[in-house]
Amino acid sequence: MFNVHLIPMAENIQHNSRNYRNIRKKLLPWFSRFQRLLPWRENRNWYTVWVSEVMLQQTRVEQVIPFFNRFMKAFPDVWKLADAPRQNVLKLWQGLGYYSRAGNMHRAAQIIVDTYHGRLPETLKEVRRLPGFGEYTGRSVLSLAFNQPLAVVDGNVKRVLARLFADETDTRPSASNRHFQILADRLLDRDHPAVFNEAMMELGALVCTPSNPGCNSCPLQLHCRAHSHGETAKFPVRSAAPAKRVVHSICAIIICDNKLLLARKPDKGLLGGMWEFPQIEITPVVDSGNRPDNLRIMKKIPQAVYLRKLQYITHTYTHFRAIVHPLLLNVEKEIELVGNGYSEIRWTVTEQLKKYPLPGWMLKLIKRESELLKIIADGNVKKIPVAGHVSVAYK
DNA sequence: AAAGCGGGGAC
DNA sequence: GTCCCAGCTTT
């Protein structure tokens, strides 16, 4: 006769099945009303789910949308993706970052076509063997595409769970995923796993945001331990990120007639498979004028005539900050540039630059120096104003 | 367990 | 400027 349980008090917000049921009962209607209209939510199948989930790794929804649409138009099914040249896949990924995702997807597509006749294997154990299918992606594709009862744990889910249960586990280490996976497994709505997983992530993206969470419009407000304690700002607990290093490098823009030298980075490692003007790292910078460092690159390309240096480019990566100092060089004949750590060298006219997959700092540089590139394209290298000189006597 | 791996938007 | 995002792979 006393319906005290209809109003969950802080003390009643526990890990128990009644509370879980109440949470699911609030969460799913909220999702059906407030979910966003997203391209990968139309005509859903495992391929569209897969492409979107991979693109969404460490990447916001708004940033992914145009990339997803272009990608699906170019590679509408797994056979088209498997048959495409790697460079085409990388080009579609240009600007999205974490380029190994594109290579892994491409390899996985070929395995799916060659070994599984173009069908995705439908067990977690099997999909986890495919390149790029980690614990999250394996679970999300099987859950969202086939409605399998597999709970997912991403950044959103960890944040929602940490606040919901005032859980003090440090969410930064990847090892914390194991802890939150157990909580998510228990909370999962096994009757509606796909909707539940999407609802948890959507709640984290739209309401239970990292800063200034919208608790007043949250369907789980009455069930949230952090909110009931007035401590939403304290959750999730997250240790500080390590400091970023600063790395200086020189890149050589080598001109031969109306062509430029482009180099392809090895498939593994930073910006794997992408093309750039060849670089050498010069950290630590020797002096403020960079003169000895300019000499270092001139020694590597003794055939080159030094024209001038351009304004540096700064670019921030996940774990370091890069400062690239471009040098403009001129050669009479197309040189080889051997033993440089690159997988391939190609001389290209400036109009063809846009055909190559280029990293962000290259796009910045090309945009800033568009006038210069135009002069080169017209074959007017001699009209480029020369500033400074590095003597070959220093070789 | 820890480190390497992009880019952009919110604050 | 700092933080963090629908994480995976390698060591």
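The sequence lines fix the lettering, A, B, ..., with proteins before strands; numbering per chain opens at 1.
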Taking N and O atoms by type only, does the side chain of [X] place a donor or acceptor under 3.5 Å from a partner on the base of [N]?
| X | N | result |
| --- | --- | --- |
| A:T59 | B:dG6 | yes |
| A:Y98 | B:dG6 | yes |
| A:R60 | C:dC4 | yes |
| A:T137 | C:dG7 | no |

Atom-to-atom span, [atom1] of [X] to [atom2] of [N] - whole angstrom:
| X | N | atom1 | atom2 | value |
| --- | --- | --- | --- | --- |
| A:Q57 | B:dG6 | CD | P | 13 Å |
| A:I65 | C:dA6 | CD1 | P | 12 Å |
| A:R101 | C:dA6 | CZ | P | 12 Å |
| A:L206 | C:dC5 | CG | C1' | 14 Å |
| A:K158 | C:dC5 | NZ | P | 8 Å |
| A:Q181 | C:dC8 | CD | P | 11 Å |
| A:L56 | C:dG7 | CG | C1' | 11 Å |
| A:Y99 | C:dG7 | OH | P | 17 Å |

>> Would you say that A:K355 contacts A:Q87 through its side chain, given a criterion of any heavy-atom pair below 4.5 Å between the two side chains?
In response: no
NA contact type, [X], heavy-atom cut-off 4.0 Å: base, sugar-phosphate, or nothing?
| X | result |
| --- | --- |
| A:R159 | sugar-phosphate |
| A:T318 | base |
| A:E198 | base |
| A:L96 | base |
| A:W40 | base |
| A:Y136 | base |
| A:N104 | sugar-phosphate |
| A:G95 | sugar-phosphate |
| A:P173 | nothing |
| A:P242 | nothing |
| A:R41 | base |
| A:V61 | base |

Among [options], the one nearest [X] by side-chain distance:
| X | options | result |
| --- | --- | --- |
| A:R321 | B:dA1, B:dC5, C:dG1 | C:dG1 |
| A:R238 | C:dA6, C:dC5, B:dG6 | C:dC5 |
| A:L270 | C:dC4, B:dC5, B:dG7 | B:dC5 |

Ring centre gap for [X] and [Y] strictly below 6.0 Å:
| X | Y | result |
| --- | --- | --- |
| A:F320 | A:Y317 | yes |
| A:F68 | A:W40 | yes |
| A:W50 | A:F133 | yes |

>> Work out how far the P atom of B:dA3 is from that of C:dA6, and round it to whole angstrom.
In response: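 It works out to 24 Å between them.
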> Considering only the P atoms, how many Å lie between C:dT11 and B:dG6, rounded to the nearest integer?
Replying inline: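 Their P atoms lie roughly 16 Å apart.
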> Do NZ/NE/NH1/NH2 and the carboxylate oxygens of A:R41 and A:E198 come within less than 4.0 Å?
Replying inline: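 Looking at A:R41 and A:E198, the cut-off is met.
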> What do you reckon, is CZ of A:R190 surrounded by more than 12 foreign heavy atoms closer than 6.0 Å?
Replying inline: no
Just N and O in the side chain of [X]: are any of them under 4.0 Å from OP1 or OP2 of [N]?
| X | N | result |
| --- | --- | --- |
| A:H315 | B:dG7 | yes |
| A:Q58 | C:dC5 | no |
| A:K268 | C:dT10 | yes |
| A:R172 | B:dA2 | no |

> How do A:P210 and A:G138 order along DNA chain C: which one's closest nucleotide is nearer the 5' end?
Replying inline: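 The residue whose closest nucleotide sits nearer the 5' end is A:P210.
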>> Both A:L358 and A:N212 contact DNA chain B. Taking the nearest nucleotide for each, which residue is further toward the 5' end?
In response: A:L358
> Where each residue is assigned the nucleotide of DNA chain B containing its nearest heavy atom, which of A:F320 and A:Q63 is assigned the position nearer the 5′ end?
Replying inline: A:F320
>> Given A:N104, which partner from the list A:H106, A:R101, A:R107 fulfils the side-chain hydrogen bond (donor to acceptor under 3.5 Å, both in side chains) test?
In response: A:R107
>> For A:S143 and A:Q148: C-alpha separation, side-chain torsions, deciding distance, then whether side chain to side chain donor-acceptor pair (under 3.5 Å) applies.
In response: CA-CA 4 Å; A:S143 158; A:Q148 290 189 26; over 6 Å; no
